[in-house]
Amino acid sequence: MPSILSICLFTLSILHSVPVNALGGGLSNRFQHMADMGLLPDGTPMRLPDDNTKAAVKTPAAAAETIVEEFVDLPLDHFHSGYGAPKTFKNRFWVAESGYKPGGPVFIYDVGEADATSSALFRLQDPTSFFKQIVDSHGGIGIVWEHRYYGKSAPVTIDLDTKPEDFTYLTAEQALADIPAFAKQFKRADINATLTPDKTPWIFVGGSYPGMRAAFVRKFYPETIYASYASSAPVEARNDMSVYFEPVWRGMNAYGWGNCTKDIRAAINYMDKVMETPSASAALKESFLGLGAGNNTNPTFADALSTPFYLWQSYGMEGGPSGLRSFCDWIESDPTTKTTAPAAGWAASKGAKYTVARWASYPPFVNMVNSYMTTNCSGSATTEGDCNLNLRFEDPASISWTWQYCTQWGFLQSANIGAHQLVSRYNSLSHQRDICHRQFPNFPRTLLPEWPAVEKTNAHFGGWHIRPSNVYWSGGEFDPWRTLSPLSGESFAPHPATFQAAPKCGESTATEKIFGYVMSGAEHCFDFRTTFAPGSVSRKYFTDALNGWLKCFIPR
């Protein structure tokens with residue numbers, strides 16, 4: 001089996017062609033998986049305060065079982081049958097059964113909005129994988145599941161020419177129904193036991209969008225999924241997600257980078273004022289991205305200015321040369337005096353124009369923009385680049401995820417205007433909505449609504465108030481996605497009381513309570529990485545609860 005490093009190098013080989021959209025989807029999902037493996041985006045081990053870094057470079061045992069991709073035929077449409085009904089498609093999955101002991105449960109790890117190739121074997125085989133640890137400790141079977149319309153589980157080719165009607169079956173409801181359709185036919189040739197959910201308990205594990213699915217599948221298909229682990233699960237659909245940047249501001253300040261947040265805010269407000277004048281706006285853009293960048297609109301340049309925050313949810317201040325620590329080190333260090341900015345930042349004494357100049361000269365910035373936004377800005381004042389910041393996403397995973405959030409979930413991360421502002425006001429809510437229609441031009445409103453249909457989504461799935469039994473919720477203190485989970489601490493959220501003593505089997509809590517835990521000093525899905533020591537606390541709350549719940553399972 002491959003080592004973590006070889007898995008990492010494979011992942012890196014496909015990262016360079018994947019854009020970011022809504023700070024989620026293809027690239028962010030893969031960054032999350034890299035971080036779960038204890039690796040920075042460049043493949044080197046992370047160095048976080050609570051990291052167990054030795055675990056991140058440990059090579060798996062040589063005698064690992066052979067695991068290959070498998071496929072199951074599933075209905076494209078689970079809710080309509082009869083003459084003329086759509087055909088089936090093939091959905092991909094992987095299975096580990098080496099740790100199985102008679103009577104053990106089936107665990108399914110949902111990869112979500114990405115091609116599952118780069119992380120499947122790590123989840124199932126590597127001893128540093130939390131999922132393998134949980135599966136093996138319970139004598140279970142482990143399954144890694146690829147979501148429909150991602151990787152090799154797409155019923156059609158996903159590209160810029162995919163027809164509108166081909167996206168009809170990419171809905172959260174259809175994808176959720178894939179799970180029971182798969183589970184009821186699951187079996188293994190080498191295991192003499194009935195492994196379907198009527199005889200064997202199934203446990204669903206997911207983080208982020210898959211964490212949402214962990215809760216939803218327990219709510220809608222409790223006869224299939226006996227228990228769920230919902231990590232960093234923003235189950236409240238919402239169009240205006242400007243709140244995304246509030247935990248970033250709070251986290252940066254908590255980690256000692258208050259000077260950097262003040263300078264970023266000062267620089268952003270200064271640049272927003274400059275961009276009011278077309279000629280000055282063009283010059284500003286070219287000072288950052290080189291000749292030719294001035295042709296971009298203010299909103300698309302605002303997208304470029306948001307790139308330093310792309311790694312926050314997966315790495316916090318870390319992230320290597322493109323991480324926020326590197327960025328803030330550059331901004332807050334005076335190259336002439338070799339001094340560090342005071343708590344008020346440099347803008348308070350040197351002026352915001354000074355901070356803007358430091359930002360524009362940040363060495364990795366142009367490459368970050370080119371990589372994340374799949375463009376080709378020159379970064380040179382004399383060489384013109386093909387610096388178009390208004391391109392459609394070409395990566396299949398990003399196309400599929402854009403469809404999902406633009407139709408059902410919203411999650412439009414516009415500027416958090418106010419005292420904690422980190423991104424340009426030109427990154428408006430309407431601009432974020434326009435990205436949806438840029439990606440899918442001329443799509444009928446019957447398929448692509450003017451705005452994501454979040455009210456309908458929440459009415460169906462439950463939003464804040466979903467409380468299925470046998471579900472554990474986990475979150476991170478500074479995770480931007482916790483803002484829309486039941487564990488949210490935001491002023492607009494319900495604030496149910498969290499508790500860690502597991503409810504009884506099959507017992508749903510009232511909406512004012514929730515069985516869950518918020519990890520201090522953590523960002524997105526930090527409980528899923530064994531290199532982050534506090535994550536073990538959260539995982540233990542789940543495994544302790546699961547051990548009790550499994551005693552109540554009664555085969556049907």
Side-chain angles (χ1 to χ4, degrees), residues 20 23 28 31 35 40-42 44 46-51 244-272 287-289 301-369 371-372 379 413 415-416 418-424 427 476-480 521-524 526:
V20 169
L23 295 181
S28 290
F31 282 149
L40 293 170
D42 64 0
T44 57
M46 287 192 295
R47 293 293 187 270
L48 293 174
D50 293 300
D51 272 354
Y244 180 97
F245 297 100
E246 291 295 317
V248 182
W249 176 281
R250 292 194 290 262
M252 291 177 70
N253 279 269
Y255 299 148
W257 294 96
N259 54 1
C260 191
T261 61
K262 292 180 178 66
D263 277 339
I264 291 172
R265 181 173 182 268
I268 285 294
N269 287 330
Y270 178 90
M271 288 189 282
D272 280 354
S287 72
F288 273 78
L289 298 172
F301 181 60
D303 291 338
L305 292 175
S306 300
T307 56
F309 304 106
Y310 280 175
L311 296 182
W312 172 267
Q313 67 182 51
S314 295
Y315 295 98
M317 289 300 300
E318 309 310 316
S322 299
L324 269 173
R325 179 184 294 275
S326 173
F327 177 72
C328 286
D329 274 341
W330 179 266
I331 296 290
E332 301 310 310
S333 300
D334 186 318
T336 302
T337 64
K338 310 300 182 184
T339 57
T340 300
W346 286 127
S349 58
K350 295 176 180 287
K353 188 175 182 180
Y354 169 85
T355 306
V356 170
R358 287 296 287 164
W359 188 339
S361 64
Y362 178 51
F365 185 73
V366 175
N367 287 336
M368 288 165 56
V369 172
S371 177
Y372 296 161
Q413 290 135 29
N416 59 327
H420 299 166
Q421 186 175 348
L422 291 172
V423 297
S424 167
N427 182 23
E477 181 182 11
F478 302 122
D479 177 11
E523 280 76 57
H524 196 52
F526 271 33

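Computed from a prediction, not measured in an experiment: that's the story for all the values here.
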A.B. asks: Going from SG on Cys260 to CD on Glu332, what distance comes out if it is rounded to the nearest 0.5 angstrom?
C.D. replies: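 Cys260 SG to Glu332 CD: 5.0 Å, rounded to 0.5 Å.
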
A.B. asks: Let me confirm one number: the CG-CZ distance from Leu311 to Arg325, rounded to the nearest 0.5 Å.
C.D. replies: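 It comes to 13.5 Å.
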
A.B. asks: Look at the side chain of Glu523 and the backbone N and O of Ser314, then say whether any donor-acceptor pair between them is shorter than 3.5 Å.
C.D. replies: no

A.B. asks: Where is the tightest heavy-atom contact between Tyr270 and Ala352, given as atom of each residue plus distance?
C.D. replies: CB-CB, 3.8 Å

A.B. asks: Can you confirm if the aromatic rings of Tyr255 and Phe478 lie within a centre distance of less than 6.0 Å?
C.D. replies: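 That pair passes the under 6.0 Å test.
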
A.B. asks: Check for a donor-acceptor pair, side chain of Asn427 on one end and backbone N or O of Gln413 on the other, with a separation under 3.5 Å.
C.D. replies: yes

A.B. asks: Donor-acceptor check, side chain of Ser326 to backbone of Gly323, threshold 3.5 angstrom: yes or no?
C.D. replies: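 Here the side-chain-to-backbone pair does not exist.
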
A.B. asks: Pairs in or reaching into residues 351-360: which pass salt bridge (charged side-chain N to carboxylate O under 4.0 Å, His left out), with residues at least two apart or in two chains?
C.D. replies: none

A.B. asks: Roughly how far, to the nearest 0.5 Å, is the OH atom of Tyr372 from the CG atom of Asn367?
C.D. replies: 10.5 Å

A.B. asks: Test your reading of the model: is there a side-chain donor-acceptor pair from Ser361 to the backbone of Ala357, 3.5 Å cut-off?
C.D. replies: yes

A.B. asks: Please confirm whether the backbone N or O of Leu422 pairs with a side-chain atom of Asn416, one donor and one acceptor, at under 3.5 Å?
C.D. replies: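 It does hold such a pair.
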
A.B. asks: Would the distance check show the side chain of Asp263 and the main-chain N or O of Thr355 forming a donor-acceptor pair, the cut-off being under 3.5 Å?
C.D. replies: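 Flag not set: sc Asp263 to bb Thr355 has no pair under 3.5 Å.
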
A.B. asks: Give me the atom names and distance for the closest heavy-atom approach of Pro247 to Pro480.
C.D. replies: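 Closest heavy-atom pair between Pro247 and Pro480: CG-CA, 3.8 Å.
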
A.B. asks: Give the C-alpha distance, both sets of side-chain angles, the deciding distance and a yes or no for ring pair (Phe, Tyr, Trp, His ring centres under 6.0 Å) between Phe288 and Phe301.
C.D. replies: CA-CA 10 Å; Phe288 273 78; Phe301 181 60; 5.6 Å; yes

A.B. asks: Which atoms form the tightest heavy-atom contact between Cys328 and Met252, and what is the distance?
C.D. replies: SG-CE, 3.6 Å

A.B. asks: For Phe327, which residues count as a ring-ring contact (aromatic ring centres under 6.0 Å, His included) partner, sequence neighbours excluded?
C.D. replies: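 Counting only residues at least two positions away or on another chain, Phe327 forms a ring-ring contact (aromatic ring centres under 6.0 Å, His included) with Trp359, Tyr362.
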
A.B. asks: Looking only at heavy atoms, which two atoms of Pro321 and Pro364 are closest? And how far apart?
C.D. replies: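 Heavy-atom minimum between the residues: O-CG, 3.6 Å.
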
A.B. asks: Calculate, to the nearest 0.5 Å, the distance between atoms CD1 and CG belonging to Ile264 and Asn259 respectively.
C.D. replies: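 If we round to the nearest 0.5 Å, Ile264:CD1 and Asn259:CG are 9.5 Å apart.
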
A.B. asks: Less than 6.0 angstrom separating the ring centers of Phe31 and Tyr310, yes or no?
C.D. replies: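 Centroid distance Phe31-Tyr310: not below 6.0 Å, so no.
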
A.B. asks: Counting only N and O atoms by type, is there a donor-acceptor contact under 3.5 Å from the side chain of Gln421 to the main-chain atoms of Val423?
C.D. replies: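 A pair under 3.5 Å: yes.
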
A.B. asks: So Pro41 and Tyr315, do their side chains get closer than 4.5 Å, heavy atoms only?
C.D. replies: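 Contact flag for Tyr315/Pro41 side chains = yes.
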
A.B. asks: Applying salt bridge (Lys or Arg N to Asp or Glu O under 4.0 Å), name anything that partners Asp334, two or more places apart in sequence or on another chain.
C.D. replies: Lys350

A.B. asks: Can you say whether the rings of His420 and Trp249 are parallel (under 30°), tilted (30 to 60°) or perpendicular (over 60°)?
C.D. replies: parallel

A.B. asks: Is it the case that the side chain of Thr44 and the backbone of Leu40 share a donor-acceptor pair, with hydrogens and angles ignored and the cut-off at 3.5 Å?
C.D. replies: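 Absent.
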
A.B. asks: So how far is it from Ile331 CD1 to Tyr354 OH, rounded to the nearest 0.5 Å?
C.D. replies: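 With rounding to 0.5 Å, CD1 (Ile331) is 8.5 Å from OH (Tyr354).
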
A.B. asks: Which pair of non-hydrogen atoms, one from Ser424 and one from Asp272, has the smallest distance, and what is that distance?
C.D. replies: OG-OD1, 2.6 Å

